[in-house]
Structure formats: structure tokens, C-alpha cells
**Q** 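If you scroll down you'll find the structure; I have some questions about it.
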Amino acid sequence: GVWRQTRALLFKNCLIKCRTKKSSVQEVLFPLFFLFWLILMSMMHPHRKYEEMPNTDLGPLDTSVLMNFIIGYTPPTPMAREIMKKVAFDNFEDGLITEEYLSEEELEEASFFKPSTFVGVVFKDSMSYQLRFHDSIAMSSIYTESR
């Protein structure tokens, strides 16, 4: 029954492997070669460790530079609205201009028609975001221990 079929299949596979030695060796050596290559690449680009910076007083924030900025954000969730309200009114007396957009496409479209002082904020979740400037995208900086 089952044992005879399994044994015959195993014998057949062994015969195939013995008759095709070149491909059998390749099946073993290629993964080892790629593993060696990955280890070599990781050794060429070691992980950088940044030293801790001491606390320093940065002085008052010059808000005159930021008064002409328009900040657009998406998606318009209650958390995003609360964050943008804090950004606009808690740090600046006059407040910054904030606009909410329903989707990333609307935000990108608005950035083309707005002046170069338009900054877009795309909230990915409650802890991460992307900044979108007039001609580029900036990722939020998250320090990670490994790649």
C-alpha cells in the first residue's frame, strides 16, 4: 500500500538526483552562495550607532518664518484633527492655516495648485506620518536597531 508507494517514490527521486549531479549540486550551493553574499554585504555596511545628545536649550521658536505656511493633512480622523489643532494653535499665537483632505490624491492635487509654502501631512496610523513638501516626500524618522 502506502509504504510501497512511498519507498518507490523515494527510490525514484534518489535515482534522479544521482543521474543529475550538476543540478543537485546547484540546488545546494546556490543558497549557500547567496547566504555568503548577504553576510558579506551586511559586513560592508555596518549598522551605525549614534551617540546620545545632551539636553540643550534651543531658545525661543522663531514663528515669523512659519506664519505663511499652509498645512494640509489626511485622513481627517479625530486623532489627526486633534494633533493638527495642537500644532496650529498651541505653538503659534495667530495659528497656522490647516486644511483637511479626504484622500492622499486630493492632498497631492492641492500641493500642485498651492504655493511652495504648502506642506502635506499624511497620517499612516496613530504613531507614524509622512511629510509631503512641494517637490518631495520626507519620512518620519524612526530610530531602529536593525535593518
Side-chain angles (χ1 to χ4, degrees), residues 1-59 61-63 65-66 68-88 90-92 96-147:
V2 175
W3 172 243
R4 282 182 52 194
Q5 287 179 347
T6 305
R7 194 174 60 196
L9 185 61
L10 185 62
F11 182 69
K12 176 186 149 201
N13 287 339
C14 286
L15 282 177
I16 290 172
K17 292 293 177 191
C18 290
R19 291 178 184 163
T20 58
K21 288 182 175 74
K22 183 178 177 182
S23 65
S24 299
V25 169
Q26 287 177 351
E27 285 180 13
V28 173
L29 291 182
F30 276 156
L32 292 175
F33 170 74
F34 289 126
L35 179 65
F36 170 74
W37 185 255
L38 284 173
I39 291 170
L40 183 66
M41 293 301 289
S42 69
M43 287 171 52
M44 287 175 60
H45 300 284
H47 180 70
R48 290 186 189 164
K49 297 218 182 239
Y50 296 100
E51 297 297 321
E52 184 176 332
M53 296 293 296
N55 292 336
T56 57
D57 184 18
L58 299 176
L61 178 65
D62 183 16
T63 58
V65 177
L66 301 174
N68 296 330
F69 273 85
I70 302 169
I71 301 176
Y73 64 94
T74 189
T77 61
M79 175 76 75
R81 285 186 188 109
E82 187 175 329
I83 291 171
M84 295 312 292
K85 180 181 165 193
K86 278 191 174 293
V87 167
D90 289 357
N91 298 321
F92 305 95
L96 290 174
I97 301 170
T98 59
E99 300 173 353
E100 65 180 44
Y101 295 93
L102 296 177
S103 66
E104 281 188 57
E105 290 79 22
E106 284 184 25
L107 182 72
E108 286 179 21
E109 210 172 283
S111 71
F112 289 122
F113 298 116
K114 302 279 182 176
S116 62
T117 57
F118 182 82
V119 177
V121 181
V122 179
F123 290 96
K124 295 298 180 187
D125 55 33
S126 63
M127 297 299 284
S128 64
Y129 60 90
Q130 279 185 335
L131 294 177
R132 304 232 175 165
F133 296 100
H134 191 64
D135 56 355
S136 64
I137 297 174
M139 300 293 290
S140 60
S141 61
I142 300 172
Y143 179 77
T144 55
E145 186 62 32
S146 65
R147 294 177 215 197

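Quantities reported herein were computed from a predicted structural model and do not represent experimental measurements. Numbers for residues simply follow the sequence, beginning at 1.
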**Q** Rounded to the nearest 0.5 Å, how far apart are CD of Glu100 and CD of Glu106?
**A**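 If we round to the nearest 0.5 Å, Glu100:CD and Glu106:CD are 10.5 Å apart.
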
**Q** Between Ile71 and Val121, what is the shortest heavy-atom contact and its length?
**A**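 Distance-wise, the nearest heavy atoms are CG2-CG2, 4.0 Å.
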
**Q** With heavy-atom distances below 4.5 Å as the criterion, would you say the side chains of Ile39 and Met43 are in contact?
**A**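 Heavy-atom side-chain distance check passes, below 4.5 Å.
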
**Q** Say you draw a straight line from OG of Ser42 to CG of Leu40; how long is it, rounded to the nearest 0.5 Å?
**A**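 Between Ser42 OG and Leu40 CG, I get 8.0 Å after rounding to 0.5 Å.
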
**Q** What distance do Arg4 atom CZ and Thr6 atom OG1 have between them, rounded to the nearest 0.5 Å?
**A**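 Here the rounded value is 11.5 Å.
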
**Q** Between Tyr73 and Thr98, which heavy-atom pair has the shortest distance, and what is it?
**A**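 Nearest pair, atom of Tyr73 first, then Thr98: CE2-CB, 4.3 Å.
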
**Q** Do you know which two heavy atoms are closest between Phe118 and Ala110, and how far apart they sit?
**A**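 Scanning both residues completely, I find the closest heavy atoms to be CZ-CB, 4.4 Å.
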
**Q** Step through the shown structure and confirm whether more than 12 heavy atoms of other residues, nucleotides or ligands are within 6.0 Å of NZ on Lys85.
**A**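 At most 12 heavy atoms, drawn from other residues, nucleotides or ligands, come within 6.0 Å of this atom.
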
**Q** What is the minimum heavy-atom distance between Met84 and Phe123, and which atoms define it?
**A**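 Smallest interatomic distance, heavy atoms only, reads SD-CZ, 4.0 Å.
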
**Q** Looking at every heavy atom in both Val28 and Leu32, which two are closest together, and how far apart are they?
**A**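 Looking at all heavy atoms of both residues, the shortest contact is O-CG, 3.5 Å.
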
**Q** Using 0.5 Å steps for rounding, measure from the CD atom of Glu108 to the OG1 atom of Thr74.
**A**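 Result: 10.5 Å between the selected atoms.
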
**Q** Parallel, tilted or perpendicular: which describes the rings of Trp37 and Phe33, with under 30° parallel and over 60° perpendicular?
**A**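 It falls in the parallel class, under 30°.
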
**Q** If you look at every heavy atom in Ala80 and Pro75, which pair is closest and at what distance?
**A**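 Heavy atoms of Ala80 and Pro75 come nearest at CB-O, 3.5 Å.
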
